[in-house]
> 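There's a structure below that I have some questions on.
Order of listing sets the numbers, starting from 1, for every ligand and every atom in it. The shown structure was predicted, so the numbers you read here are calculated from the model rather than taken from an experiment. All values below were derived from every heavy atom in this structure, side-chain atoms included, with hydrogens, water molecules and symmetry-related copies excluded.
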Amino acid sequence: MEFPLRQGMLLAHTAVMTSARFVQIYREDGAALRQELARGLMGEPASVSPKFLYDALGSRLFDAITELPEYYPTRTERTILDAHGGDIAALVGRGRTLIDLGAGNCEKAARLFDVLAPLRYVAVDISVDYLRQALGCLQSQHPGIEMVGVGADFSVSLTLPPEAGRGERLLLYPGSSIGNFTPDDALRFLRQARSVGGAGGALLIGVDLVKPKPVLEPAYDDALKVTAAFNLNLLRRLNALLGCDARIEDFDHVALYNEGESRIEMHLQARRALTLRWPDGARALAAGERIHTENSYKYTLDGFDRLLRQAGFARTTRWTDERDWFAVFLAA
Ligand code: AVI
């Protein structure tokens, strides 16, 4: 059974791929998005899902955040992956299908190409348009890797189109994006990841760890105010998608560490009493009242290990940086 598969893998490996393929399976439903936004604004407390943070400008602002001195996660994860890429490859083997969840500019996965030598690279993001440039460029640098861009919203459900191919899968979910789910949703997501990985599948996932407030809070409230702009940009999205009349100058960015919940919370706080209005609704906010816009959960090493096991992963290995600020888990 093993030989034909290996032969097929070898053929795929020596083939020269000239262009990446793209499949868009997520379709934006404007009415559903408006409904979701209105429901959040009318809630107690008012809230907006963090998924609305990532329009074209929001995605650029997030990229800028990852370069800030205060925002340690990206840099620390990179250090761990650079130091332990060989150990990871020794455990998962080379020549897998690498499935990059939330690929963005594909930079993190590309750094692993040399050690993991994937046969196929499947970059998943909400819109294939974000992926076209990065993947086009990567394909020309790595003609031996078959590349597929998939536009999918896996925060709702993690399903992949047939173009993602068969073969042993390694799912990559870096950046501690798992922290933006509630622990219940994180567990649901991990269970889906296990089932999408299939028999012999593995998950490589980055997780931000609990640490003192004076390190955590500035990471989400930097001196340059890039994170403030990232959060306030949500108001522009509210106006564009819902036809709302929010004014950026009426709100402050607030980021605080909720120790009891083990999470950073981002809020937009009204500077004065005001009413947000849109075509079929309105929400009054008192001065100082907040719209909750994001949670970023921080885990302990043992806590996240337990979550992986609860999700059905029987074997886990983890690596951390020297300060234990961030962890990369390999779960199979
Ligand atoms: C994408 N995600 C892991 C980031 C985080 O750290 O929770 C989003 C972010 N929000 C503010 N800064 C970064």
Side-chain angles (χ1 to χ4, degrees), residues 47-78 80-81 100-109 123-127 130 153-155 171-183 185-186 189-190 193 203-213 215-237 251-258 261-269 290-299 304 307 321 325-329:
S47 65
V48 177
S49 162
K51 75 177 179 196
F52 293 102
L53 289 164
Y54 300 92
D55 63 344
L57 177 58
S59 299
R60 286 210 190 95
L61 288 167
F62 178 66
D63 282 348
I65 287 173
T66 65
E67 295 188 18
L68 294 169
E70 296 95 330
Y71 194 76
Y72 59 84
T74 314
R75 212 170 19 256
T76 312
E77 182 179 53
R78 194 180 299 139
I80 299 169
L81 289 173
D100 187 359
L101 301 171
N105 60 16
C106 307
E107 191 244 329
K108 286 179 183 165
V124 187
D125 215 306
I126 191 106
S127 160
Y130 293 153
D153 182 6
F154 57 83
S155 68
L171 273 66
L172 175 67
Y173 197 41
S176 198
S177 294
I178 191 78
N180 298 130
F181 288 118
T182 64
D185 287 343
F189 173 83
L190 292 173
L203 169 70
L204 188 63
I205 184 166
V207 183
D208 197 13
L209 301 176
V210 170
K211 60 184 69 60
K213 241 185 207 196
V215 181
L216 280 170
E217 286 185 341
Y220 292 82
D221 194 6
D222 56 285
L224 263 182
K225 307 292 174 206
V226 182
T227 312
F230 176 64
N231 195 11
L232 288 160
N233 180 50
L234 257 187
L235 299 168
R236 292 177 62 250
R237 292 223 75 200
F251 289 86
D252 284 320
H253 162 69
V254 173
L256 50 92
Y257 185 53
N258 179 336
E261 297 287 345
S262 199
R263 69 187 190 204
I264 281 279
E265 296 176 4
M266 289 207 315
H267 302 264
L268 290 166
Q269 179 169 298
R290 293 169 178 170
I291 305 173
H292 191 166
T293 55
E294 188 186 56
N295 290 319
S296 190
Y297 283 84
K298 309 302 168 191
Y299 288 89
F304 197 75
L307 200 64
D321 57 293
W325 277 10
F326 199 93
V328 173
F329 280 79

> Decide yes or no for Arg237 and Leu53: does some side-chain heavy atom of the first lie under 4.5 Å from some side-chain heavy atom of the second?
no
> Of all residues at least two apart in sequence or in a different chain, which pass the salt bridge (charged side-chain N to carboxylate O under 4.0 Å, His left out) check with Glu70?
none
> Quick one: salt bridge (charged side-chain N to carboxylate O under 4.0 Å, His left out) partners of Asp63, sequence neighbours excluded?
none
> Mind checking side chain to side chain donor-acceptor pair (under 3.5 Å) for Tyr173 and listing every partner two or more places apart, or none if nothing turns up?
none
> Is a donor from one side chain sitting under 3.5 angstrom from an acceptor on the other, for Thr293 and Asn231?
yes
> Does the side chain of Phe329 reach to within under 4.5 Å of the side chain of Val207, using non-hydrogen atoms?
yes
> Select all protein residues for which some heavy-atom-to-ligand 1 distance is less than 4.0 Å, and list them by chain and number.
Tyr54, Phe62, Ile65, Tyr71, Gly175, Ser176, Ser177, Asn180, Tyr220, Thr227, Phe230, Met266, Glu294, Ser296
